[in-house]
Amino acid sequence: KAFLIGDTMTGGYGNGPDILHDCTIAVNPGEIAVIVGPNGAGKSTAMKAVFGMLNVRSGSVRLDGEDITDLSPQERVRRGMGFVPQTSNIFTSMTVEENLEMGAFIRDDDISGTMAQVFDLFPILKEKRNQPAGELSGGQRQQVAVGRALMTQPKVLMLDEPTAGVSPIVMDELFDRIIEVARTGLPVLMVEQNARQALEIADQGYVLVQGRNAYTGTGKELLADP
Ligand code: ADP
Ligand code: ADP
């Protein structure tokens, strides 16, 4: 029923020990799902497993009902997964607009409509479209990274710590933009260090501890004082 689910995933890096233990992460249509938990809990690892950057030793990943466990990240992008890694690798010497065009590399149709949608969601990018991306502030660069992922017209958007290293005000602004993205109907899955703020905007929250699901519930439930 979930649009994207990493189901009871167990796995680790290379031949190393298991980092994830029966970890389940899902995002439903039109919802924001957030993965939180202490440093080293396996949040990024869970995201990598869902995106195919880490092989799961048991468990599965399904996208829109289809088993994609054995597909490469590239193939997952083609199936509709948009992924914004933690250290966003935008091209600093290229303009904002050129960065967005690069995002559409898998498409051979007209991208101008999608570009206009991205500019509607991120007005600052429209204003600065002809500036080198390296001249933008940290928060604005994050918007470029998210906008670039949207240029593929993904069916689900995955973000690994989109607010890492930005000020509280910029974090609020980024979350507002992410809410806007979700309102367009796009399911969003993100890893966040800023647990409280992230759970406030989450429909579904996953608290990971030592690679296991410690708590799962709505954002409200997880924020409530038991
Ligand atoms: P979190 O995102 O919750 O901070 P991570 O998923 O980054 O946690 O890390 C979980 C565990 O996996 C940590 O023990 C970390 O050292 C280990 N780990 C992360 N990346 C790698 C890697 N590329 N190779 C080996 N171990 C890794
Ligand atoms: P996070 O904020 O997700 O915990 P880290 O700062 O721990 O990320 O890790 C940064 C990078 O180093 C990531 O690409 C991660 O995969 C890698 N890494 C983390 N721990 C290890 C490890 N024990 N061995 C190898 N690579 C690691």
Side-chain angles (χ1 to χ4, degrees), residues 1-11 18-51 54 56 58-65 68 80-86 121 142 146 149 154-226:
K1 184 164 121 318
F3 186 74
L4 173 64
I5 179 165
D7 197 359
T8 55
M9 301 180 294
T10 294
D18 286 338
I19 303 287
L20 302 177
H21 305 272
D22 291 328
C23 177
T24 294
I25 303 291
V27 56
N28 296 311
E31 290 192 351
I32 298 178
V34 171
I35 307 171
V36 298
N39 252 335
K43 303 182 294 294
S44 291
T45 302
M47 195 74 136
K48 285 178 195 162
V50 171
F51 190 57
L54 177 97
V56 292
S58 69
S60 64
V61 183
R62 293 191 303 277
L63 177 67
D64 204 4
I68 58 164
M81 294 175 75
F83 181 59
V84 180
Q86 196 174 330
L121 285 164
Q142 284 294 67
V146 176
K155 296 180 192 156
V156 58
L157 181 64
M158 299 169 58
L159 308 160
D160 192 353
E161 293 192 10
T163 67
V166 306
S167 71
I169 294 207
V170 173
M171 177 176 67
D172 286 347
E173 165 70 14
L174 274 170
F175 281 159
D176 283 348
R177 301 270 68 79
I178 289 166
I179 291 169
E180 288 289 313
V181 169
R183 282 205 186 116
T184 67
L186 188 65
V188 175
L189 174 63
M190 65 178 175
V191 167
E192 261 300 331
Q193 285 174 315
N194 298 301
R196 173 157 292 275
Q197 294 87 342
L199 289 172
E200 273 168 11
I201 68 161
D203 296 292
Q204 190 72 13
Y206 296 90
V207 183
L208 297 193
V209 176
Q210 295 186 344
R212 298 173 200 276
N213 289 94
Y215 305 96
T216 300
T218 64
K220 270 202 179 69
E221 285 166 353
L222 294 176
L223 284 169
D225 210 359

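Heads up: numbering here begins at 1 and tracks the sequence.
Between A198 and V34, the shortest heavy-atom distance links the atoms CB-CG1, 3.7 Å. What you find for C23 and L208 is that their closest heavy atoms are SG-CD2, 3.8 Å. The two residues I32 and A182 have their closest heavy-atom pair at CG1-CB, 3.6 Å. Residues V84 and A149 come closest through the heavy atom pair CG2-CB, 3.6 Å.
Interatomic distance, I25 CD1 to L20 CG, rounded to the nearest 0.5 Å: 8.5 Å. Within the model, atoms CD of E221 and OG1 of T216 stand 10.0 Å from one another, a figure rounded to the nearest 0.5 Å. Taking CG of L159 as the start and CG of L174 as the end, the distance is 9.5 Å to the nearest 0.5 Å. Here E31 contributes atom CD and Q204 contributes atom CD; the two are 6.5 Å apart, rounded to the nearest 0.5 Å. Once rounded to the nearest 0.5 Å, the distance linking CD of Q210 with CD1 of I19 reads 11.0 Å.
Between S44 and D160, the closest side-chain pair of non-hydrogen atoms falls below 4.5 Å. With a 4.5 Å cut-off on side-chain heavy atoms, I35 and L189 count as touching. With contacts defined as side-chain heavy-atom distances shorter than 4.5 Å, the pair M81/K155 does not qualify. Looking at V188 and V27, their side chains never come closer than 4.5 Å, going by heavy atoms from C-beta outward. With a 4.5 Å cut-off on side-chain heavy atoms, I68 and R62 do not count as touching.
Contacts classified as side-chain hydrogen bond (donor to acceptor under 3.5 Å, both in side chains) and involving residues 165-191 (residues at least two apart or in different chains) are given here: E173-R177, E180-R183. For the salt bridge (Lys or Arg N to Asp or Glu O under 4.0 Å) condition, no pair includes a residue of residues 187-206, sequence neighbours left out.
For D22, the side-chain contact (heavy atoms from CB on, under 4.5 Å) test picks out T8, T10, with sequence neighbours left out. Scored by the side-chain hydrogen bond (donor to acceptor under 3.5 Å, both in side chains) test, T24 finds no partners at all (sequence neighbours excluded). F83 meets the ring-ring contact (aromatic ring centres under 6.0 Å, His included) test with F51; sequence neighbours excluded. Scored by the side-chain contact (heavy atoms from CB on, under 4.5 Å) test, A26 finds A2, I5, Y206 as partners (sequence neighbours excluded). Every side-chain contact (heavy atoms from CB on, under 4.5 Å) that V56 has, sequence neighbours left out, goes to M9, A49, T69. Q197 meets the side-chain contact (heavy atoms from CB on, under 4.5 Å) test with M171, F175, N194; sequence neighbours excluded.
The backbone N or O of G37 sits less than 3.5 Å from a side-chain atom of K43, completing a donor-acceptor pair.
When each of V181, V146, I178 is checked for a side chain to side chain contact (heavy atoms under 4.5 Å, CB included) with L121, only V181 meets the rule.
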Side chain to side chain contact (heavy atoms under 4.5 Å, CB included) evaluation trace for N28 with F3: CA-CA 5 Å; N28 296 311; F3 186 74; 6.0 Å; no
Derivation of the side chain to side chain contact (heavy atoms under 4.5 Å, CB included) call for I201 and M190: CA-CA 11 Å; I201 68 161; M190 65 178 175; 3.6 Å; yes
Verdict with reasoning, D64 to V156, per side chain to side chain contact (heavy atoms under 4.5 Å, CB included): CA-CA 10 Å; D64 204 4; V156 58; over 6 Å; no
